[in-house]
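Note sheet for the following structure.
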Amino acid sequence: MSQIELPKAYNPADFEDRLYQFWQDNDLFAPRGDGEPFVVAIPPPNVTGVLHMGHGLNNSLQDALIRYWRMKGRPTLWVPGTDHAGIATQQVVENQLRKEGKSRHDLGRSAFVDRTWKVKEEHHRIISQQLRKIGASLDWKRERFTMDEGLNRAVRQVFVTLYERGLIYKGRYLVNWDPEAQTAISDDEVEYKEVQGTLYHIRYPFADGSGFVELATTRPETLLGDVAVAVHPTDQRYSGLIGKLLKLPIADREVPLLADPFVDKDFGTGAVKITPAHDPDDFEMGRRHNLQQINILNPDGTLGPNVPARYFGLTAKVAREKIVAELTELGLFVDAVPHKHQVGHAQRSGSIVEPYLSEQWFVRMKPLAEKAMHALKTDQIRFYPKRYESTYTTWMEGIRDWCISRQLWWGHQIPVWTCDSCGHLHVEMEAPTTCEHCSASKLTQDEDVLDTWFSSWLWPFSTLGWPEKTLDFEKFYPTTAVVTAYDIIFFWVARMVMAGMEFTGKAPFRDIYMTPLVRDAKGRKMSKSLGNGIDPLEVVEEFGADALKFTMVYLSSQGQDINLDKDGFKLGSKFANKVWNASRYLLMNIPEQGVLPPDQLTKNGADLWIESRLNAAIRAVDSAMLAYRYNDMGHTVYEFFWNDFCDWYIESTKLELYSEQPSRRRQAASKLVHLLEESLRLMHPFLSFITEEIYQKLPGHALSLVIAPYPVAHPDRDHPEAEAAFGALQNLVAGIRRVRSEFAIDPARDIEVVVSVEKNFVHASFLRENRDLLAQFSGSERLRFSEGEQKPAGAVTIVNRGSESWVLVRDVVDLPKELIKLAKSIERSKDYISSVERKLSNQAFVNSAPAEVVDGERNKLVEAQGTLTRLEAYQHELSELA
RNA sequence: GGACGAGUAGCUCAGUUGGUUAGAGCGCCGCCUUUACACGGCGGAUGUCCGGGGUUCGAAUCCCUGCUCGUUCACCA
């Protein structure tokens with residue numbers, strides 16, 4: 001029969017690239033057809049680097065989703081794109097320059113930006129290549145970049161609109177300052193880490209020489225910016241002293257002692273120094289008391305203006321030591337005690353964040369957050385898993401204004417122009433040529449750029465053409481789902497909902513699936529510094545893209561992080577290998593007279609059983625998809641294909657496949673081909689390349705699996721009775737196999753088995769009809785059914801529900817061993833029976849449990865008692881022998 | 001300090017509304033190179049479902065409590 005050959009070894013590298021090219025050449029990733037679209041905008045990777053395993057996971061999961069819905073027939077679109085990643089990308093270029101001994105200022109803004117574009121191009125090329133390698137079915141014609149012309153327009157439009165709505169303002173505030181990147185960053189870009197610091201106790205003398213106030217601080221160097229000392233108004237220790245002046249050492253200023261209820265009486269000495277320009281709390285307190293703000297830092301974090309000359313240019317660390325030394329000399333230093341506290345670090349550069357006074361642009365977030373909360377309350381968005389709702393809500397409730405200006409060159413320059421003559425502000429889409437106020441023609445654009453997230457938060461609609469009313473926007477917005485890691489809820493997900501609600505009046509997507517995080521085998525976060533990351537491309541090279549995707553799907557449960565080393569991908573690779581080999585086997589048995597159409601197939605018990613199992617698998621995948629339960633999808637197809645289809649169904653057909661009669665061979669082979677074809681469609685979202693490669697070899701195949709219909713569960717293929725009957729057959733076979741294994745009977749040796757079935761056992765006739773199958777599976781050509789005969793002496797007895805089987809292995813029976821095992825089985829059986837009996841004799845159970853549960857227990861009891869009877873008879877017989 | 005999550009087989013973890021004699025993958029043990037697959041087949045062993053209470057006819061599953069880990073948010077100098 002052998003007609004079609006597949007290479008003996010599964011080698012994904014042989015066909016993956018070719019197939020991806022084929023898919024692209026035929027434009028199969030473009031949305032097609034009518035109906036409700038299914039749309040996902042890719043979380044745009046940063047053009048700073050290359051893809052890491054987080055992308056591997058995330059894009060594998062999206063691809064499975066996209067391919068499934070595409071096969072389901074919905075117009076399906078997955079929009080590709082990348083993010084310019086302001087600080088990160090600028091840093092890459094600055095690091096390059098540093099190696100060349102230059103700074104960005106040596107190049108100048110425009111040359112620097114040009115150079116950054118080149119870095120962008122290079123990384124972009126790699127990233128898009130990588131996404132193709134892992135098989136991501138993105139519609140590349142629609143690819144976008146956060147700084148392409150269309151998105152620039154969207155960004156400007158949003159800035160101008162927010163400004164006009166009074167939601168953007170400029171102001172001089174204390175912001176988080178990254179002294180390394182020398183830019184402001186938002187609150188969300190600050191990561192607090194616990195650091196072992198020191199609490200310094202120091203004294204400030206009263207100006208009139210009447211003693212001193214002792215206070216505690218972790219940052220003595222900020223003394224140079226102090227403008228007051230505060231205590232709690234009801235603090236007895238300081239009553240009567242409020243309002244007196246203190247002489248600030250070193251800085252030689254006089255500062256007042258104030259009362260403010262914010263101060264905690266129980267911390268330190270109950271007195272706190274106030275540095276409004278360098279501490280958020282002090283900033284607030286300074287405003288309440290109308291205090292001066294004295295900035296003492298340069299943009300690079302060294303001490304700068306407003307400090308004594310000997311402190312100029314010192315780093316905070318050095319200045320701190322110097323201050324402590326000077327205070328000691330002055331006799332004002334009391335003590336230094338170890339103190340753990342939280343210190344903010346910049347997410348990107350890792351440097352310690354300085355609260356820093358500067359003029360920045362902010363977005364007023366409360367009104368936006370309210371709309372975004374409304375979207376959740378009205379079920380316009382749904383989180384999977386649901387518990388992330390509270391993360392979202394909590395953040396929205398505590399929202400603070402968003403500092404959006406960055407002192408960088410790489411990014412969207414702020415669309416604000418100031419008139420050189422009169423200082424009038426113009427917030428416009430395009431550069432104005434004359435001042436609307438004084439008609440002067442010289443205007444200067446704000447030098448700063450916008451936070452990267454100010455373009456990312458528009459992603460679901462800006463990529464579809466907004467603010468233009470494009471066909472894509474009309475048809476594909478709002479999108480359906482966003483798939484991303486949970487650590488990005490604040491930065492991206494929440495803000496996208498805000499932007500969607502504010503600018504389009506709609507939530508930008510309905511479903512929010514939070515992926516797990518990939519960690520290393522020890523559960524640590526993968527990071528460059530630890531060197532424990534896994535390169536998804538290496539996984540593709542070693543195991544194939546299908547192995548990558550299948551493993552990721554199989555291991556992604558609801559919200560549980562995945563611990564994995566590279567060997568973990570063997571899971572997917574072994575499964576793909578299994579699919580390969582089973583398919584190879586079936587392909588070499590394609591009937592030479594051609595595959596029979598489904599309506600000419602005659603179905604036996606095993607056929608009905610596998611059909612029913614397939615139906616169940618399809619339903620399980622369908623419901624798992626709706627709930628984003630990836631691991632369920634993976635387990636379902638794995639178990640269906642491997643356990644049901646390969647281990648039982650294919651094995652069951654061998655009898656037919658090797659039959660003397662060509663018609664029987666053709667029947668069996670045809671059924672197998674149809675089932676294989678349907679299985680390939682079932683598995684295509686999870687094993688895209690291998691299923692396509694095999695599908696392309698099937699007789700009568702269509703253009704591609706990518707656009708083939710996903711299998712549908714047909715009620716007329718449900719056969720619960722066939723499933724139960726086949727289950728009984730499987731149990732019987734397992735029993736015989738166990739005996740074979742336990743008695744170490746050579747698999748090649750034919751044994752004699754006699755099966756005695758209870759007359760009224762529901763599956764009695766099924767078992768009899770499938771004698772040949774039982775014989776085949778149990779390796780017993782001579783297997784027969786007893787016709788009222790007695791059990792032959794010395795046979796091993798296998799007790800099943802509704803039957804017992806006698807295996808004639810007189811010579812090899814190890815009586816003592818067999819008796820021990822039997823005793824164990826009997827004990828277990830008795831325990832079980834008594835537990836069921838207890839249940840059934842409990843009136844409360846019988847009365848309150850549902851009838852079907854009670855009936856189920858009754859049936860179990862009857863069966864178990866039958867089983868026990870047979871076990872005991874066997875035991876009796878064995879003891880006679882012994 | 002708050003919130004959330006986790007604690008189930010040697011390891012990594014499933015276990016959806018309470019009702020299975022508690023499962024998977026890997027690992028381990030035994031047999032088998034049976035004409036698709038040794039990345040295989042067949043069989044096997046291993047669990048006070050973290051501890052303690054409670055609700056219920058019935059709890060790995062619900063409630064309370066304790067312990068241990070993790071994540072995240074938080075202005076305490």
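Each chain gets a letter, A, B and so on, in the order the sequences are listed, and its residues count up from 1. In this text, all values refer to a predicted model and were calculated from it rather than measured experimentally.
Lys525(A) places its NZ atom 17 Å from the C1' atom of C69(B), with the value rounded to the nearest Å. Per the geometry, CG belonging to Leu517(A) stands 15 Å off C1' belonging to C4(B), to the nearest Å. Distance Arg738(A) CZ to G43(B) P: 8 Å, rounded to the nearest Å. Atom-to-atom, CG of Leu571(A) to C1' of G27(B) comes out at 14 Å; the value is rounded to the nearest Å. One interatomic measurement links the two molecules: CD1 of Ile562(A) to P of A24(B), which rounds to 21 Å at whole-angstrom precision. Taking atom CZ on Phe845(A) and atom C1' on G19(B), their separation rounds to 7 Å, with Å as the unit. Rounded to whole angstrom, the span from the CG atom of Leu564(A) across to the P atom of C26(B) amounts to 14 Å. One can place CD of Glu852(A) at 13 Å from P of U20(B), the figure rounded to the nearest angstrom.
When the P atom is compared between U34(B) and C39(B), the two are found 15 Å apart, to the nearest whole Å. Distance noted for atom P between U61(B) and A9(B): 15 Å (whole Å). U33(B) and C50(B) have their P atoms separated by 43 Å, given to the nearest Å. Using atom P as the reference point in both C11(B) and G18(B), the two lie 30 Å apart (nearest Å). Look at the P atom in both U8(B) and G47(B): the space between them is 15 Å, to the nearest Å. Straight-line distance between the P atoms of G66(B) and U71(B): roughly 23 Å, to the nearest whole Å. Taking atom P on both nucleotides, G51(B) is separated from A59(B) by 15 Å, rounded to a whole Å. Atom name C1', nucleotides U65(B) and C73(B): the rounded distance is 25 Å, in whole Å.
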Within the sub-3.5 Å range, which N or O atoms of nucleotides 73-77 of chain B have a protein N or O partner, and how far apart are they?
from: A74(B); atom 1: OP1; to: Arg400(A); atom 2: NH2; distance (Å): 2.9
from: A74(B); atom 1: N6; to: Gln342(A); atom 2: NE2; distance (Å): 3.3
from: C75(B); atom 1: O2'; to: Asp281(A); atom 2: OD2; distance (Å): 2.8
from: C76(B); atom 1: N3; to: Asp264(A); atom 2: OD2; distance (Å): 2.6
from: C76(B); atom 1: N4; to: Asp264(A); atom 2: OD2; distance (Å): 2.6
from: A77(B); atom 1: O2'; to: Ala216(A); atom 2: O; distance (Å): 3.1
from: A77(B); atom 1: N6; to: Asp264(A); atom 2: O; distance (Å): 2.5
from: A77(B); atom 1: N6; to: Phe267(A); atom 2: O; distance (Å): 3.2
from: A77(B); atom 1: N1; to: Asp264(A); atom 2: N; distance (Å): 3.2

Where do N or O atoms of nucleotides 36-39 of chain B meet protein N or O atoms at under 3.5 Å, pair by pair?
from: A36(B); atom 1: OP2; to: Tyr658(A); atom 2: OH; distance (Å): 3.4
from: A36(B); atom 1: O3'; to: Arg584(A); atom 2: NH2; distance (Å): 3.3
from: A36(B); atom 1: O2'; to: Asn581(A); atom 2: OD1; distance (Å): 3.2
from: A36(B); atom 1: O2'; to: Arg584(A); atom 2: NH2; distance (Å): 2.8
from: A36(B); atom 1: N7; to: Lys654(A); atom 2: NZ; distance (Å): 3.4
from: A36(B); atom 1: N6; to: Glu651(A); atom 2: OE2; distance (Å): 2.9
from: A36(B); atom 1: N3; to: Asn581(A); atom 2: O; distance (Å): 3.2
from: A36(B); atom 1: N3; to: Ala582(A); atom 2: N; distance (Å): 3.2
from: C37(B); atom 1: OP1; to: Lys8(A); atom 2: NZ; distance (Å): 3.2
from: C37(B); atom 1: O4'; to: Asn581(A); atom 2: OD1; distance (Å): 3.2
from: C37(B); atom 1: O2'; to: Asn581(A); atom 2: ND2; distance (Å): 3.3
from: C37(B); atom 1: O2; to: Lys578(A); atom 2: NZ; distance (Å): 2.9
from: C37(B); atom 1: N3; to: Lys578(A); atom 2: NZ; distance (Å): 2.9
from: C39(B); atom 1: O2'; to: Asn577(A); atom 2: ND2; distance (Å): 2.8
from: C39(B); atom 1: O2; to: Ser573(A); atom 2: O; distance (Å): 3.4

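Remark: the backbone N or O of Leu555(A) is not paired with any side-chain donor or acceptor of Asn631(A) at under 3.5 angstrom. Side-chain atoms of Ser780(A) come within 3.5 Å of backbone N or O of Ile751(A) as a donor-acceptor pair.
Figure legend: cation-pi geometry between Lys654(A) and Tyr585(A), with NZ or CZ positioned under 6.0 Å from the six-membered ring centre and within 45° of its axis.
A salt bridge between Arg858(A) and Asp855(A) is present, with a side-chain N of the basic residue lying under 4.0 Å from a carboxylate O of the acidic one. Salt bridge Arg219(A)/Glu354(A): present, at least one basic N to carboxylate O contact under 4.0 Å. Salt bridge Glu284(A)/Arg287(A): absent, no basic N to carboxylate O contact under 4.0 Å.
Within the 4.5 Å cutoff, the side chain of Tyr10(A) has no heavy atoms near those of the Asn581(A) side chain. Looking only at side-chain heavy atoms (C-beta outward), Pro591(A) and Arg665(A) stay at 4.5 Å or farther from each other. Ile512(A) is not listed as a side-chain neighbour of Tyr392(A), based on a closest heavy-atom distance of 4.5 Å or more.
Counting any heavy atom pair closer than 4.0 Å across all strands shown, Ala849(A) reaches a base atom.
Proximity of the aromatic rings of Tyr630(A) and Tyr513(A) is defined here by a centroid distance below 6.0 angstrom, and this criterion is met. Aromatic pair Tyr388(A)/Phe383(A): centroids not less than 6.0 angstrom apart.
Base pairing of G70(B) is made with C4(B), judged by Watson-Crick or G-U wobble geometry with both donor-acceptor distances under 3.5 Å. In this structure, C62(B) forms a base pair with G54(B), meeting either the Watson-Crick or the G-U wobble geometry with both donor-acceptor distances under 3.5 Å. Base pairing of G40(B): its partner is C32(B), meeting the Watson-Crick or G-U wobble criterion (both donor-acceptor distances under 3.5 Å). Summarising the base pairing, U46(B) is matched to no nucleotide, lacking a Watson-Crick or G-U wobble pair whose two defining distances lie under 3.5 Å. C11(B) and G25(B) make up a base pair, with Watson-Crick or G-U wobble contacts both under 3.5 Å.
Comparing G43(B), C57(B), A14(B) against the side chain of Ser741(A) picks out G43(B) as the nearest.
Looking at which nucleotide of RNA chain B each of Leu555(A) and Val853(A) is closest to, the 5′-most match is held by Leu555(A).
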